[in-house]
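Remarks on the structure that follows.
Note: hydrogens, waters and symmetry copies are ignored here, and every other heavy atom, side chains too, is used. Keep in mind the model is a prediction, meaning the values are calculated, not measured.
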Amino acid sequence: MELRTAAVLLLFLCASIFITTEAGLIPNCCLSTRDKISRIKIKNAQKYDLQSDAGPCEVKALILHVGKKRFCLDPKLEKMVKRGMRKMNMHGPKQKSQ
């Protein structure tokens with residue numbers, strides 16, 4: 001009987017943790033940030049997001065998505081990232097010559 005009660009309590013605890021996290025997922029937060037990044041990575045970036053320190057994450061960060069990688073940057077680099085991505089959008093991706 002005690003084992004069954006312990007199992008039910010453990011199940012309840014796991015369910016409450018699962019429900020309380022955002023959308024049932026454990027957040028993927030940046031734990032630290034860089035204050036430098038190459039222009040090539042900025043030009044190859046698909047998008048960027050801003051991470052707030054007000055939610056489950058403890059660090060403010062600018063997350064740059066390059067391919068399958070994520071780079072955690074200092075939010076002060078947002079102007080540089082916007083400018084670099086804007087230049088890429090204006091010129092467009094390079095076309096392969098046939």
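Here the CD atom belonging to Gln46 is positioned 8.5 Å from the CG atom belonging to Leu64, to the nearest 0.5 angstrom. In this structure, NZ on Lys47 lies 10.0 Å from CE on Met85, to the nearest 0.5 angstrom.
Nearest heavy atom pair, residue Ile37 against residue Ile42, reads CG2-CD1, 3.8 Å. Taking each heavy atom of Ala61 and Thr33 in turn, the nearest pair found is CB-CG2, 3.7 Å. Closest heavy-atom contact between Leu77 and Leu62: C-CD1, 4.4 Å. Taking each heavy atom of Lys41 and Arg34 in turn, the nearest pair found is NZ-NH1, 4.0 Å.
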What donor-acceptor contacts under 3.5 angstrom involve side-chain atoms of residues 65-75, with partners at least two apart or in another chain?
residue: His65; atom: NE2; partner: Asp49; partner atom: OD2; Å: 2.7
residue: Arg70; atom: NH2; partner: Asn28; partner atom: O; Å: 3.3
residue: Asp74; atom: OD1; partner: Lys76; partner atom: N; Å: 2.9

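Around atom CG of Leu50, more than 12 heavy atoms belonging to other residues, nucleotides or ligands sit under 6.0 Å away.
Side chain of Gln51 to backbone of Cys30: a donor-acceptor contact under 3.5 angstrom is found.
With sequence neighbours excluded, no residue forms a side-chain hydrogen bond (donor to acceptor under 3.5 Å, both in side chains) with Glu58.
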